[in-house]
Amino acid sequence: MKKINAGIIGATGMVGQRFALLLENHPWFEVTALAASPRSAGRAYGEVVKDRWMMERPVPESMKDMIILDASDIEAVVSTVDFVFCAVDMKKEEISALEEAYAKAECPVISNNSANRMVSDVPMIIPEVNPEHAEIIQSQRARLGTKRGFIAVKSNCSIQSYVPALHPLMKYGLKDVLVCTYQAVSGAGKTLEKWKEMQDNVIPFIGGEEEKSEKEPLKVWGKIDKGRILNASAPNITSQCIRVPVSDGHLAAVFVRFGGNKPSKEQIIDEWSNFKSIPQELKLPSAPQTPLKYFTEDNFPQTKLHRGLENGMGFSMGRLREDEQYDYKFIGLSHNTLRGAAGGALLTAELLKAKGYFD
């Protein structure tokens with residue numbers, strides 16, 4: 001198979017670094033462009049990230065000597081790639097404009113950013129949950145006036161810790177969800193070593209996170225109608241998002257109430273254990289073989305032990321039990337910079353490639 005040329009926009013940040021590692025030796029994609037801010041442009045990637053590399057593995061040898069391009073020089077980047085991953089650290093309106101400019105230059109954009117998530121014709125894809133939302137790309141291209149260019153986004157990292165677990169339960173009339181997420185410092189692009197405020201501390205606020213946790217799942221579960229994605233009307237979701245002194249992994253405490261067709265505990269575990277979707281059917285390179293893993297042990301899943309499940313692409317659940325105020329409660333867990341960020345975007349790109357959207 002001839003590999004498709006990929007670019008990483010925002011290559012020097014934490015998520016950009018994760019993209020670099022995930023794309024090293026990827027069977028379908030080959031990195032041919034790295035781009036970042038003007039202050040990094042014109043220098044070798046290895047030199048720029050030398051003192052701020054935050055990953056567990058070293059900088060890929062194939063990218064060390066690559067000269068970083070200016071992300072705003074769209075013509076230069078697009079001339080060397082077939083599509084780009086975007087993980088820039090800029091103001092929301094600047095990200096929105098940049099991603100649209102790449103799309104209008106006939107370059108597909110797979111974005112890790114939130115800027116375009118709630119645009120009605122931009123698919124926000126969790127590949128196992130709503131792969132059919134890729135069909136909206138046709139309408140988006142009509143709006144942008146493009147033949148090939150488009151924007152697709154991945155959802156917020158925190159909702160990955162509970163939305164995939166809830167998805168197989170939607171058919172039982174899921175009505176109300178209360179969720180508290182306990183989120184790692186890497187979600188803020190930081191490390192425990194450098195974020196002194198987080199050491200021996202918990203911060204009960206993450207700006208904008210609760211709004212995303214409550215609204216984004218409804219778009220993920222929405223339906224395409226007349227060239228736009230209409231948000232689902234249920235379930236009702238309320239959330240609290242808390243920063244905890246953990247390096248990687250977002251854990252969720254979830255409470256659920258059903259509208260009338262309440263499943264048994266055994267039915268829920270059976271739904272989770274047997275859940276498969278399009279990524280598994282297509283055998284996409286980054287897809288977990290078993291997306292949802294339920295642990296029967298009382299003290300599982302644990303962030304440190306289980307965030308790496310299925311190469312960091314799986315979802316873990318545990319402690320499912322009945323509740324006196326809601327119907328059930330359980331614990332969910334996902335790796336925020338793998339499944340929740342770069343890995344989720346990569347799997348989305350694989351899905352879109354398999355479906356012909358990069359042709």
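Since this is a predicted model, take the numbers as computed values, not measurements. Side chains are part of it too, since the values below use all heavy atoms of this structure and drop only hydrogens, waters and symmetry mates.
- E47 CD: more than 12 foreign heavy atoms inside a 6.0 Å radius.
- Other residues, nucleotides and ligands place no more than 12 heavy atoms under 6.0 Å from the CD atom of E197.
- The ring pair (Phe, Tyr, Trp, His ring centres under 6.0 Å) search around Y182 returns none, not counting sequence neighbours.
- By the ring pair (Phe, Tyr, Trp, His ring centres under 6.0 Å) test, Y328 pairs with no residue at all, sequence neighbours left out.
- Side-chain contact check for D248 and S186: at least one donor-acceptor pair (N or O, by modelled atom type) lies under 3.5 Å.
- None of E350, R339, E310 except one satisfies the side chain to side chain donor-acceptor pair (under 3.5 Å) rule with S286; the exception is E350.
- Here F275 pairs with nothing under the ring pair (Phe, Tyr, Trp, His ring centres under 6.0 Å) rule; sequence neighbours left out.
- Evaluation of the side chain to side chain donor-acceptor pair (under 3.5 Å) test over residues 203-227, restricted to residues two or more places apart or in two chains, returns R117-E216, N156-E209, S158-S213, H167-W221, Q183-E209, E214-S239.
- Heavy atoms of other residues, nucleotides or ligands lying less than 6.0 angstrom from CZ of R148 number more than 12.
- Within the structure, ring-ring contact (aromatic ring centres under 6.0 Å, His included) contacts touching residues 329-359 (residues at least two apart or in different chains) are F83-F358, W272-F330.
- Side chains of S62 and E24: no donor on one and acceptor on the other come within 3.5 Å.
- Checked by atom type and distance alone, the side chain of E106 pairs as donor or acceptor with a backbone atom of G149 at under 3.5 Å.
- Listed here is the closest heavy atom pair of V122 and A152: CG1-CA, 4.4 Å.
- The cluster map of Ile, Leu, Val, Met, Phe, Trp and Tyr, joined by side-chain heavy atoms under 4.5 Å apart, puts V185 and V15 in different clusters.
- Remark: H306 engages F295, F300 in a ring pair (Phe, Tyr, Trp, His ring centres under 6.0 Å) (not counting sequence neighbours).
- A side chain to side chain donor-acceptor pair (under 3.5 Å) with T337 is found for exactly one of H250, R18, R307, namely R18.
- Remark: side-chain polar atoms of S96 are not paired, donor with acceptor, to backbone N or O of K92 under 3.5 angstrom.
- Other residues, nucleotides and ligands place more than 12 heavy atoms under 6.0 Å from the CD atom of Q280.
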